[in-house]
4 protein chains.
Amino acid sequence: MDEQGKTSGEGWRERLAAERRRHILEAAARAFARKGFAQTTMKEIAAEAGIAPGTIYLYFKNKEDLLISLPSLIAEETLADAMAEVGSLQDLMSPADLEATLCHLIRNGIRRMIQHIEVFRVLLSSVPVMDEETREVYLRHTPLYFGSALGQIFQTYVEQGVFRDMDLTIVARALIGMIFFFVLVQEVLPGQRVMPLDYDDVAREITRLFLYGALAQPDETANTEEES
Amino acid sequence: MDEQGKTSGEGWRERLAAERRRHILEAAARAFARKGFAQTTMKEIAAEAGIAPGTIYLYFKNKEDLLISLPSLIAEETLADAMAEVGSLQDLMSPADLEATLCHLIRNGIRRMIQHIEVFRVLLSSVPVMDEETREVYLRHTPLYFGSALGQIFQTYVEQGVFRDMDLTIVARALIGMIFFFVLVQEVLPGQRVMPLDYDDVAREITRLFLYGALAQPDETANTEEES
Amino acid sequence: MDEQGKTSGEGWRERLAAERRRHILEAAARAFARKGFAQTTMKEIAAEAGIAPGTIYLYFKNKEDLLISLPSLIAEETLADAMAEVGSLQDLMSPADLEATLCHLIRNGIRRMIQHIEVFRVLLSSVPVMDEETREVYLRHTPLYFGSALGQIFQTYVEQGVFRDMDLTIVARALIGMIFFFVLVQEVLPGQRVMPLDYDDVAREITRLFLYGALAQPDETANTEEES
Amino acid sequence: MDEQGKTSGEGWRERLAAERRRHILEAAARAFARKGFAQTTMKEIAAEAGIAPGTIYLYFKNKEDLLISLPSLIAEETLADAMAEVGSLQDLMSPADLEATLCHLIRNGIRRMIQHIEVFRVLLSSVPVMDEETREVYLRHTPLYFGSALGQIFQTYVEQGVFRDMDLTIVARALIGMIFFFVLVQEVLPGQRVMPLDYDDVAREITRLFLYGALAQPDETANTEEES
DNA sequence: AATGAATGAGGGTTCATTCAT
DNA sequence: GATGAATGAACCCTCATTCAT
């Protein structure tokens, strides 16, 4: 019992420390997102977290460690969810199902990026400057990361004749690029005069563009007009 | 003659100063692209330019002025060329011509971005941190800027029945996003294990994806297979 | 009790900070007095105070803040004392008392200036360069400041017939000028070959020169009034 | 003739150079007076003189040389005139003559100081910071310098019984101090709310204050001698 | 564990001085 | 002689990091 008590006590300790760590990291994410990594001082982060500057160093080695640790804010769970959703594309051979599922996937992807928009922002301005190793860690938490998984699934579509024959590496990355760019323009470059678009519309249009392309199909024209 | 001599002498002075300025700015672009704006010291820029630190201040007010002036490295001419190319899409109603022209446009767009990849990099990591005004200047030198022009041209396509009915703002931006993302992944996040792709392939695939979409068309399947 | 403890603890903190601040300010005064404001580096001040350069900025906004804060080294108390002494001149109608009191006043004035000679030196070399606002603060801690008070007291002397009729603004300032100049010559322009004079002698001679010059002469009163 | 021509040609050269030098020095004096020595840049001085910064170094060794050379702006003639005027006090035994001459002397002294107020200003803020040698040069061009001459003349007055017995070093310096202080307050500490006084009034009052304080009183002579 | 005062290395910037033209 | 672009040493100041409390 004594030992249990200790253990549970220490578990409590650890949990508290983990919470504290996360609390600081979230404060840092907000601060970095606001002014950029280099422009943010440890004092500001401390103030944002409501603690003393020195305390940060009890949980993080140094300022860069905060940056490196940021991706951990995006729970593994989130990444797993996203990957699972990508997996749900498997075995959908009917275009109608495909469109619905893909649209849903894109919508959720956008939602997740916006949910972690602060990390995303910091990522964007920091990644070009990072060393190889850190960058790798960062990119694992990025939509970019899902490219190969998407490509593999599309491969089955091609094999089944649902998709035409094409370079799937390129096509998968193109799809991600579209999604990425919308979030980039609207959420990361804020306050500009670009008219903000509704993400449901965006998801729907991207889905169609990807699936059907832009050209009018002689036999589809009627349908398209009926739909809209 | 005396006056002419004087004038040409002063013109020579001015031209020299402009060259010097450009020389320093290019050095700054390289340095910023390497380590990021905040991480680059004036000393480093001076060394890169082969001059003394103090000399920079004869041509630029301060470090930030270097950043703000970077877009001027991309000559107005370049932007005009790009816009002219976009204009060349006008009145191309045959899908075949459209495909060729669009592919060419995309290839040239990518080439231009890579040509100014250093500015592009700095842009990406600095824009989120910039104040409103500077950001606006920066974005004018960005592919993003061509979105509305593209959209307007696509509008005529829709009206002519070449394109199906769709939200052209979204679609135009999606196209740019695809292009943007490829350059981002391959040129701005350097040294990663993502397999580099040939930009001619990329341009071709993007063009097709955009024009035809991903789904196999019953009547096109044969053609597609013949082509590849 | 807990709260009391806290309060006294914080009071201790504050007192320590105030002491630190004063310590730095005194070091700055010595350094400035030695080499002048512009010629003194923050490093030198830090060395004089026995701290690191950065520490100064915990207590003062910048170098100029040190200069502006210098007058606070002369305690309000000192100024109040001086003013009180000036007040003690009131209601002394007998020339003998007047001489004794004035001499005492002058001696104390000189003593006070010498006591704060470093501030005085910095003042002299910095005031001509200061902006309006700062200069005003500085001059309030200056003998110049007592001119009007002296003038008012002398006014009563004139009214009582102790002093002859004269321009009291001028006369009061003249008295202060004499005192000021002695300190200037001997303490602010140091190391010159001007023979240093004993300040007791100086005070006595100034007192006499002023009094015999200011006192109404029984047989001259009429003439003076006729003249004016 | 050839040699003469050369000589006169060189003399012309020299005179031109001397004029140029004086021109620069006057520009420096204005600039220093405006912002203080340390706050003034060589570029500003050059602009004030209407020449290029490098040109200054053809006439002066460095910035400090400008400061050291400033007193030469006050022509020896001026100093000689002032000294001659002091000499005119000699042998004036009648109080009435004395008053008129002294008042005239004081008025001229004030006028001369104001005439060279820029040098005077620079002097005041620079002298405390100067090295021994330079300071000596500066002080030679200062009212302070006339103290001993005044003292010697007053000595004859005492011997003749015109002045009472007193410490003439102190008294002479006191007189100079009064004059100095008025100019200091009104001309060197500009823009303050001290009411500006008319210098004729000032000269008159100072003269009277000094004379009535210094003159021997028939009935007091004995007492004075007893005291000393 | 938490604090926050102290540190001091390093950055951006200025400006007296030089020297090729 | 005159110029003014170039220099680079030196300054003020910031801020990541430490450590005594």
Side-chain angles (χ1 to χ4, degrees), chain A residues 13 16-17 20 24 37-47 49-66, chain B residues 9 12-13 16-17 20-21 24 38-47 49-66, chain C residues 9 12-13 16-17 20-21 24 38-47 49-66, chain D residues 13 16-17 20 24 37-47 49-66:
Chain A
R13 273 263 168 92
L16 198 78
R20 196 75 137 167
I24 293 171
F37 176 74
Q39 281 71 34
T40 304
T41 69
M42 294 301 270
K43 215 175 183 176
E44 282 168 344
I45 298 173
I51 58 173
T55 307
I56 300 176
Y57 289 85
L58 296 176
Y59 297 91
F60 296 91
K61 200 163 54 115
N62 51 30
K63 195 184 175 187
E64 209 196 339
D65 192 23
L66 282 169
Chain B
W12 174 71
R13 265 274 167 77
L16 200 78
R20 197 75 141 164
R21 203 184 135 91
I24 293 171
Q39 282 70 32
T40 303
T41 70
M42 293 303 270
K43 222 176 194 170
E44 282 168 344
I45 297 172
I51 57 174
T55 305
I56 300 175
Y57 290 86
L58 294 178
Y59 298 92
F60 296 91
K61 201 162 51 93
N62 52 30
K63 194 183 175 188
E64 207 197 341
D65 192 24
L66 282 169
Chain C
W12 174 72
R13 266 274 166 79
L16 201 76
R20 198 71 141 167
R21 205 184 133 91
I24 293 172
Q39 283 70 33
T40 303
T41 70
M42 293 304 270
K43 220 177 195 169
E44 283 167 343
I45 297 172
I51 58 174
T55 305
I56 299 176
Y57 291 86
L58 295 177
Y59 298 91
F60 296 91
K61 202 162 50 98
N62 51 31
K63 195 183 174 188
E64 208 196 340
D65 193 23
L66 282 169
Chain D
R13 272 264 167 91
L16 199 78
R20 195 74 135 169
I24 294 172
F37 175 75
Q39 282 70 35
T40 303
T41 69
M42 294 301 270
K43 216 175 183 176
E44 283 168 343
I45 297 172
I51 58 173
T55 307
I56 300 177
Y57 288 85
L58 296 175
Y59 297 91
F60 296 92
K61 202 166 54 129
N62 53 29
K63 195 183 176 188
E64 209 198 338
D65 191 22
L66 282 169

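Side chains included, hydrogens not; waters and symmetry mates left out as well; all remaining heavy atoms used. Proteins get letters first, then strands, A, B, ... in listed order; numbering begins at 1 in each.
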Asks: Both distances under 3.5 Å, Watson-Crick or G-U wobble: report the partner of E:dA20, or none.
Replies: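 Across all strands, the one nucleotide that pairs with E:dA20 is F:dT3.
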Asks: Nearest heavy atom decides the nucleotide; on that basis, is B:Glu64 or C:Tyr59 closer to the 5' end of DNA chain E?
Replies: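 In this pair, the answer is C:Tyr59.
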Asks: Drop me the distance from A:Thr55's OG1 to A:Met42's CE, to the nearest 0.5 angstrom.
Replies: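 With rounding to 0.5 Å, OG1 (A:Thr55) is 10.5 Å from CE (A:Met42).
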Asks: I want to check one thing: is the phosphate of F:dT7, taken as OP1 and OP2, less than 4.0 Å away from some side-chain N or O of B:Thr55?
Replies: yes
Asks: Which residue, D:Pro53 or B:Ala52, contacts DNA chain F at a nucleotide closer to its 5' end, judged by nearest heavy atom?
Replies: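 This one resolves to D:Pro53.
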Asks: When you measure from the side-chain N and O atoms of C:Arg20 to the phosphate of E:dA6, is any distance below 4.0 Å, counting only OP1 and OP2?
Replies: yes
Asks: Take the protein atom NZ of A:Lys43 and the nucleotide atom P of E:dT3, then report the distance between them rounded to whole Å.
Replies: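 Nearest whole value for this atom pair: 14 Å.
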Asks: Output the distance between atom CG (D:Leu58) and atom CD1 (D:Ile24), rounded to the nearest 0.5 Å.
Replies: 8.0 Å
Asks: Between D:Arg13 and F:dG1, is there a side-chain N or O to OP1/OP2 distance below 4.0 Å?
Replies: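 So the side-chain polar atoms of D:Arg13 never come under 4.0 Å of the phosphate oxygens OP1 or OP2 of F:dG1.
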Asks: So which one's nearest nucleotide on DNA chain F is more toward 5', B:Ile51 or C:Lys61?
Replies: B:Ile51
Asks: Atom CZ of A:Phe37 to atom C1' of F:dA16: distance rounded to whole Å?
Replies: 10 Å
Asks: Quick one: look up who E:dT14 pairs with, Watson-Crick or G-U, both distances under 3.5 Å, and put none if it's unpaired.
Replies: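 WC or wobble partner is F:dA9.
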Asks: Separation of C:Tyr57 atom OH from E:dG8 atom P, in whole Å?
Replies: 16 Å
Asks: Got a second to check how far A:Leu66's CG is from A:Tyr59's OH, nearest 0.5 Å?
Replies: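 Between atom CG of A:Leu66 and atom OH of A:Tyr59 there are 13.0 Å.
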Asks: Quick one: pull up NZ in A:Lys63 and CZ in A:Phe37 and give me the separation to the nearest 0.5 Å.
Replies: 5.0 Å
Asks: When the nearest nucleotide of DNA chain E is assigned to B:Ala38 and to C:Gly50 on a heavy-atom basis, which residue is associated with the more 5' position?
Replies: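 Comparing both residues, the 5'-ward one is C:Gly50.
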Asks: So what's E:dA1 paired with, Watson-Crick or G-U wobble, going by both distances under 3.5 Å?
Replies: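 None - no nucleotide pairs with E:dA1, as no candidate has both distances under 3.5 Å.
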Asks: Quickly work out the A:Ile45 CD1 to F:dA16 C1' distance and round it to whole Å.
Replies: 10 Å
Asks: If I take atom CD1 in residue A:Ile24 and atom C1' in nucleotide E:dA2, what distance separates them, rounded to the nearest angstrom?
Replies: 11 Å
Asks: To the nearest Å, how far apart are B:Asn62 CG and E:dT13 P?
Replies: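 One finds 5 Å between P of E:dT13 and CG of B:Asn62, rounded.
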Asks: For the side chain of A:Lys63, starting at C-beta, report the closest nucleotide among E:dG12, F:dT17, F:dC12.
Replies: F:dT17
Asks: Starting from P on F:dC15, measure out to CG on A:Leu66 and report it in whole angstrom.
Replies: 16 Å
Asks: On a heavy-atom basis, which atom in A:Ala52 and which in A:Ala46 lie closest, and how many Å separate them?
Replies: C-CB, 3.8 Å
Asks: In whole angstroms, how far is the P atom of E:dA1 from the CG atom of A:Leu16?
Replies: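 Roughly 11 Å, once rounded to whole Å.
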